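Here the structure comes first, spelled out in structure tokens, and everything after it is commentary.
Model, not experiment: these values are computed from the prediction. Each chain gets a letter, A, B and so on, in the order the sequences are listed, and its residues count up from 1.
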Number of protein chains: 2
Amino acid sequence: MHGATHHLTALERAEALCQTRGVQLTPLRRDVLRLVLEAEAPIGAYALLDQLKASRPKAAPPTVYRALDFLLEQGLIHRLERLNAFMGCTEALEGHDHDHDHAHDHPHQFLICRGCGATREISDHAVEAAIAAAAARGGFSAPRATVEIEGLCAKCGAAKP
Amino acid sequence: MHGATHHLTALERAEALCQTRGVQLTPLRRDVLRLVLEAEAPIGAYALLDQLKASRPKAAPPTVYRALDFLLEQGLIHRLERLNAFMGCTEALEGHDHDHDHAHDHPHQFLICRGCGATREISDHAVEAAIAAAAARGGFSAPRATVEIEGLCAKCGAAKP
DNA sequence: GTGGCATTGTTATCTTATAACACTCACGAC
DNA sequence: GTCGTGAGTGTTATAAGATAACAATGCCAC
Ligand SMILES: [Zn+2]
Ligand SMILES: [Zn+2]
Ligand SMILES: [Zn+2]
Ligand SMILES: [Zn+2]
């Protein structure tokens, strides 16, 4: 299936990124990242832990949370606040030839389908600009925004109405 | 102090809104709403519970969560996903003469200061429009967005840089 | 080798949220 | 009257998400 090469590529990208930055994508962190990428939708820490235990019986909550913290710091994954779940960063791992330093913390938004749970990361400049303007108007500086848009994806929207 | 009349007014608005809708703002729900409004920043469910116990020793987690669920459904409060906390809805309770039906679920965004925790609700049409456009471009319909903008408020931005 | 430093293991605990069931009370049907 | 019925609340227990604290390992520099 195409997912395999897709994930391999993403993991290789992650590896390269970490080497460039002089940080270690250890086997544990790599495994957690792989599990996040293999999930079809954002996945919670304890679901990850369950799966991780298959190959690492010693895993405990701190095991997975520390790996997730690392991946978040490196911008390899994002956290979905509404879902208490995590997903891979499209920008960092499916690279559209962007500046890699940028991937550390780039403006992004999520489209979450309330029908099937499918979630997509986007990076909409108009949204980002409007938010920056609104923050400035409110006297806020150095804004970083959590934007999670919940609706029906094309597939679910066509099936239901 | 002016806070007292401010809160009284907000509670009276809530009362009127509930009567119009044929739902009950019971003493318990009213107490929880009052505590949310009295807090200077978004407040968590268990902090509310602690304060609620002062007047209602029998209160337990479901007590406060059920009241919060009601207040959320009626649009009298909002939930801040990043903080796991709640605050009063400026639009519904400090009424700018908007349509009251609108208050049930209106577009809104939050400005959260990472310095002092002060949080402000805004309703920025440009942000809302940009989000609606981005969602449509992604094939998503009926979008409702969680927008939480974290930065430094004017006070904290002036003190630190 | 010894002293840091990063990583992982291990145990315990904390915070946030919900499930499940019992009880009361108000209201209308009969 | 009394018998549902339903909304609201009380009560107990548990699920789900996250972190604190300390020990053990492995690696590299000196
Ligand atoms: Zn991303
Ligand atoms: Zn869908
Ligand atoms: Zn509001
Ligand atoms: Zn501030």
Side-chain angles (χ1 to χ4, degrees), chain A residues 14-15 18-19 21-36 39 41-74 76-87 117 146 148, chain B residues 14-15 18-19 21-36 39 41-74 76-87 117 146 148:
Chain A
E15 196 88 58
C18 287
Q19 283 205 358
R21 294 173 183 166
V23 298
Q24 306 178 52
L25 186 62
T26 62
L28 170 62
R29 291 164 176 172
R30 190 185 166 95
D31 281 355
V32 172
L33 177 56
R34 183 176 46 75
L35 290 172
V36 169
I43 185 172
Y46 279 74
L48 280 171
L49 178 55
D50 283 344
Q51 298 190 29
L52 193 63
K53 276 178 175 166
S55 62
R56 296 171 175 267
K58 294 185 275 190
T63 312
V64 62
Y65 276 106
R66 288 192 285 226
L68 289 171
D69 285 346
F70 170 85
L71 298 170
L72 286 168
E73 274 167 22
Q74 297 303 319
L76 300 175
I77 63 173
H78 294 299
R79 175 185 167 82
L80 286 114
E81 298 293 339
R82 291 181 61 105
L83 307 177
N84 293 334
F86 304 84
M87 70 179 293
T146 296
E148 301 180 2
Chain B
E15 194 89 57
C18 288
Q19 283 207 356
R21 294 173 184 168
V23 297
Q24 306 179 52
L25 186 63
T26 62
L28 171 62
R29 291 165 175 173
R30 190 185 166 95
D31 281 356
V32 172
L33 177 56
R34 181 176 48 73
L35 290 172
V36 170
I43 183 171
Y46 280 73
L48 279 171
L49 178 56
D50 283 344
Q51 296 189 30
L52 193 63
K53 277 180 175 165
S55 62
R56 296 172 175 268
K58 292 184 278 189
T63 312
V64 62
Y65 276 104
R66 288 193 285 227
L68 289 171
D69 284 345
F70 170 85
L71 297 171
L72 286 169
E73 274 167 21
Q74 297 304 318
L76 300 175
I77 63 174
H78 294 299
R79 175 183 167 82
L80 287 115
E81 299 292 339
R82 289 180 63 104
L83 307 177
N84 292 333
F86 304 85
M87 69 179 295
T146 296
E148 301 180 2

ask   = Are the side chains of B:D31 and B:T26 in touch, meaning some heavy atoms are under 4.5 Å apart?
value = no
task = Report yes if some heavy atom in the side chain of B:V23 is under 4.5 Å from a heavy atom in the side chain of B:F70; otherwise report no.
result =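 Result yes, sub-4.5 Å side-chain heavy-atom pair found.
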inquiry  = Taking side-chain contact (heavy atoms from CB on, under 4.5 Å) as the definition, give me every residue that meets it alongside A:A67, ordered by chain and number, with sequence neighbours left out.
reply    = A:R29, A:V32
request  = Could I get the full list of side-chain contact (heavy atoms from CB on, under 4.5 Å) partners for B:Q19, not counting sequence neighbours?
outcome  = none
key: Reported CG-to-CD1 distance for the pair A:L80 and A:I43, which is rounded to 0.5 angstrom   =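 So the gap between those two atoms works out to 12.5 Å.
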Point-to-point distance, once rounded to the nearest 0.5 Å, from CD of B:E81 to OG1 of B:T146 = 5.5 Å
query = Between the main-chain N or O of B:Q74 and the side-chain N or O of B:R21, is there a donor-acceptor pair closer than 3.5 Å?
reply =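 Between the backbone of B:Q74 and the side chain of B:R21 there is a qualifying donor-acceptor contact (under 3.5 Å).
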Sequence neighbours excluded, every pair satisfying salt bridge (charged side-chain N to carboxylate O under 4.0 Å, His left out) that has a member inside residues 57-68 of chain A = none
Going by the rule side-chain hydrogen bond (donor to acceptor under 3.5 Å, both in side chains), which residues pair with [X] if we only count those two or more places apart in sequence or in a different chain?
X	answer
B:D50	none
B:Q24	none
A:T63	none

ask   = Separation of A:R30 atom CZ from C:dT8 atom P, in whole Å?
value = 14 Å
task = Report the distance from atom CG of A:L83 to atom P of C:dT16, rounded to the nearest whole Å.
result =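 Rounded to the whole Å, the gap is 19 Å.
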query = Residues in salt bridge (charged side-chain N to carboxylate O under 4.0 Å, His left out) with B:E73, at least two apart?
reply = none
key: Test salt bridge (charged side-chain N to carboxylate O under 4.0 Å, His left out) applied to B:E148 - qualifying residues, sequence neighbours left out   =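 In terms of salt bridge (charged side-chain N to carboxylate O under 4.0 Å, His left out), with neighbours along the sequence ignored, B:E148 is linked to no residue.
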message = For chain B and DNA chain D, what are the first and last nucleotides along the strand, 5' to 3', with at least one atom under 4.0 angstrom from a heavy atom of the protein chain?
response =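 On DNA chain D, the outermost contacted nucleotides are D:dA7 to D:dT12.
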query = Between residues 53-68 of chain B and DNA chain C, which residues have a heavy-atom gap below 4.0 Å?
reply =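 B:P61, B:P62, B:Y65, B:R66, in order of number.
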query = For DNA chain C, what residues of residues 41-49 of chain A have any heavy atom nearer than 4.0 Å?
reply =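 The answer is none.
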Just the atom pairs and distances: protein N or O near nucleotides 4-7 of chain C's N or O, under 3.5 Å.
| from | atom 1 | to | atom 2 | distance (Å) |
| --- | --- | --- | --- | --- |
| C:dT7 | OP1 | A:Q24 | NE2 | 3.3 |
| C:dT7 | OP1 | A:R29 | NH1 | 3.3 |
| C:dT7 | O5' | A:R29 | NH2 | 3.4 |

